[in-house]
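Inspection log for the structure reproduced underneath, given as structure tokens.
Chain naming here is simple, since letters A, B, ... match the order of the sequence lines and numbering starts at 1 in each.
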There are 2 protein chains.
Amino acid sequence: MTRSQIPATKPPRISDVAARAGVSLSTVSRVLNGSTTVDSAMADRVHEAALALGYAASPLARSLVLGATQTIAVVVPDLGNPVFQAVLRGLTSTASRAGYHVLVADSFESADEEPELAMAARRRCDGIVLCAPRMSDETLARLLPALRPAVLVNRSSDAAPSVSVDYRSGILQLLAHLTELGHRTISYVSGASAAESDAARRAGIRAFVDDHPEVTVREVPGGVDFAAGHGAADGVQASEATAVLAFNDLVAMGLLSALSERGVRVPQDVSVTGFDDIPFAAYTTPPLTTASVPVEALGTQAADRLLALLAGRAPDEDVSFEPVITVRGSTGDALQR
Amino acid sequence: MTRSQIPATKPPRISDVAARAGVSLSTVSRVLNGSTTVDSAMADRVHEAALALGYAASPLARSLVLGATQTIAVVVPDLGNPVFQAVLRGLTSTASRAGYHVLVADSFESADEEPELAMAARRRCDGIVLCAPRMSDETLARLLPALRPAVLVNRSSDAAPSVSVDYRSGILQLLAHLTELGHRTISYVSGASAAESDAARRAGIRAFVDDHPEVTVREVPGGVDFAAGHGAADGVQASEATAVLAFNDLVAMGLLSALSERGVRVPQDVSVTGFDDIPFAAYTTPPLTTASVPVEALGTQAADRLLALLAGRAPDEDVSFEPVITVRGSTGDALQR
DNA sequence: TTGAAAGCGCTACCAC
DNA sequence: GTGGTAGCGCTTTCAA
């Protein structure tokens, strides 16, 4: 190949700048870090030399001596999930404003590899944001001391600050909405059973059913993505429910798709709700009734807490966002059946 | 706060392992890097000590001495765009399989800050993948030598390998499809005018119109997201076109939404096409006819090339993916009008 | 085969 | 105010 991929010249080092400016390394370092008072003529010469050479201190060397990398890591279970994409986005935005870089690690839904992945990421930076919904409490507890400073997303611990969503509240609102429409037999297409967020939805369902004996909710095994929703169609039809609560919007969309293939009309034959209100929920056929979650805020707030920790400040209290339900076309009156 | 966020103990250093195993630093390093032959009894002692101490070499220190960080960076203009999300996903998957970490930098559509952002990211890692559709050729040419090794996404250069999409071909296929349906007056809702991918679409349109004098294509200023598509509805209606080519799926979805609000039926009143075939394009109302782009492959192929460069191998030839059009419900016969 | 020591590039302490 | 110099934690010659 004709195009060389090796940088033409190695980047200049601090000694090059010192030599060119005719001063010591220490002086260059001082000038460039704007610390102590330096003779202004000297400072000028240093700046001039640095500029001419295109010098910038090696972040690697600085990090080693300073003990700080100006980088934070985020571990997510699936970068293909709009929720984690939004978290990453919020995180990146807040981190970069504070001069921090972001290292991203995708565990590809493999809870087994998460501890190692998190540790590896953590060792190359100053702190970590962990989105590990399926990691066991024991593993998390064992891991956290080595990960600190760390912030948790969607799970709580007394060993680290956290930001989460009140899934229980969201599911209660969704159930109230469906009940109001006259639905009495409802299916819940569940998510990953090990996840705290699935447990929270279940708890909400139990609480609601206890208060409303006339309502029956049956669980249909699901998952967290399109395919899981699509595959749950059999179970949903078998349940004879008039409405179904899908674990999240992705599952709801997969279900919508499978239902449409079978000629089942939504919401005339069955109502469907999602969860999260991802940007595309408004554009499905029919548009999805769902519980809106401020997903990007999850990322910014997690970053805020981690940055506080890194700055030696006390992080804000743990926060739990209340979803707000958004009624669209996928839910309708049970009597229409 | 009761929960300390400072790691209980500083991580063990190589000297701790050496002391515990009763050997020199050099020996520990050799054993752990599996290089030269070492006495097996000694090696055992070292491994034992390392395990007991939970030792892992500081990536920072290793990077400094080795001159390699095992990290690659990716710069994207907008992490909220499904296309770049997919690129990131593909990249992360390939990189992690090769033992590389990924640093992600979002320029938030600010072309001005991209050079600095890219440089800052590049300095902390071994190579970079650049998605900078709006950066000027001059800036790119100036930047590239300092960024190398680098791989470009969706723009070509003789100074770096690249992977891209043949937008021209995709737009030609879309136009052929619409023309076949009888459409003669078509609107093109454009993207960012500085982007090479927009220029490629324009070139396709010009070529098509040259060959098909009976077809007229008028340009309506657009953008790259939902809002841009929504805002283009006025222009589209004013153009009296029977079909519209949206810059991408996001723009198409925004347009679909605005059209629906105005009571314009798709595809009865006007046909709409997108571009990219993002995962949600199949779920819009109506489902979107679009040109499918193997967007995750863009990321994996970019990573492959960068990893080749880093391994001192010759990267594969530049690749240009041919979109394949996927006809769904948003396009229909022009005669239905 | 093993250990001592140099050095990756930088910052910060300590004399001057 | 400025310049030596130790040292961040590690790998890798070079001797022994």
Could you check how far CD1 of A:Ile14 sits from C1' of D:dT5, rounded to whole Å?
14 Å
Between D:dG7 atom C1' and B:Leu64 atom CG, what is the distance in whole Å?
12 Å
Would you find a donor on one side and an acceptor on the other, under 3.5 Å apart, between the side chain of B:Arg134 and the backbone of B:Ala194?
no
With a cut-off of less than 4.0 Å, is there a side-chain N or O of A:Thr27 near OP1 or OP2 of D:dG3?
yes
Of A:Ser24 and A:Arg123, whose closest DNA chain D nucleotide lies nearer the 5' terminus?
A:Ser24
I need the CZ-P distance between B:Arg30 and D:dC14, as an integer number of Å.
14 Å
Mind checking if A:Ser26 touches a base, just sugar-phosphate, or nothing, with heavy atoms under 4.0 Å?
base
Under 3.5 Å, is there a donor on one side chain and an acceptor on the other for A:Gln85 and A:Arg89?
no
To the nearest angstrom, how far is B:Asp39 atom CG from C:dG3 atom P?
10 Å
Interatomic distance, B:Arg124 CZ vs C:dC8 P [rounded to whole Å]
21 Å
Just checking B:Ser29: base, sugar-phosphate only, or nothing, at a heavy-atom cut-off of under 4.0 Å?
base
Given 3.5 Å as the limit, does a donor-acceptor pair link the side chain of A:Arg155 with the main chain of A:Ala132, or not?
yes
Using a 4.0 Å heavy-atom cut-off, does B:Leu66 contact any base of the nucleic acid, only the sugar-phosphate backbone, or nothing at all?
sugar-phosphate
Nearest-Å distance for atom pair CG/P, residues A:Leu25 and D:dG1
20 Å
Does B:Ala56 offer a backbone N or O that forms a donor-acceptor pair with the side chain of A:Arg123 under 3.5 Å?
yes
Nearest-nucleotide pick for B:Val38, side chain only, options being C:dT2, D:dG3, C:dG9:
C:dT2
Rounded distance in Å - CG (A:Leu60) to C1' (C:dT11):
15 Å
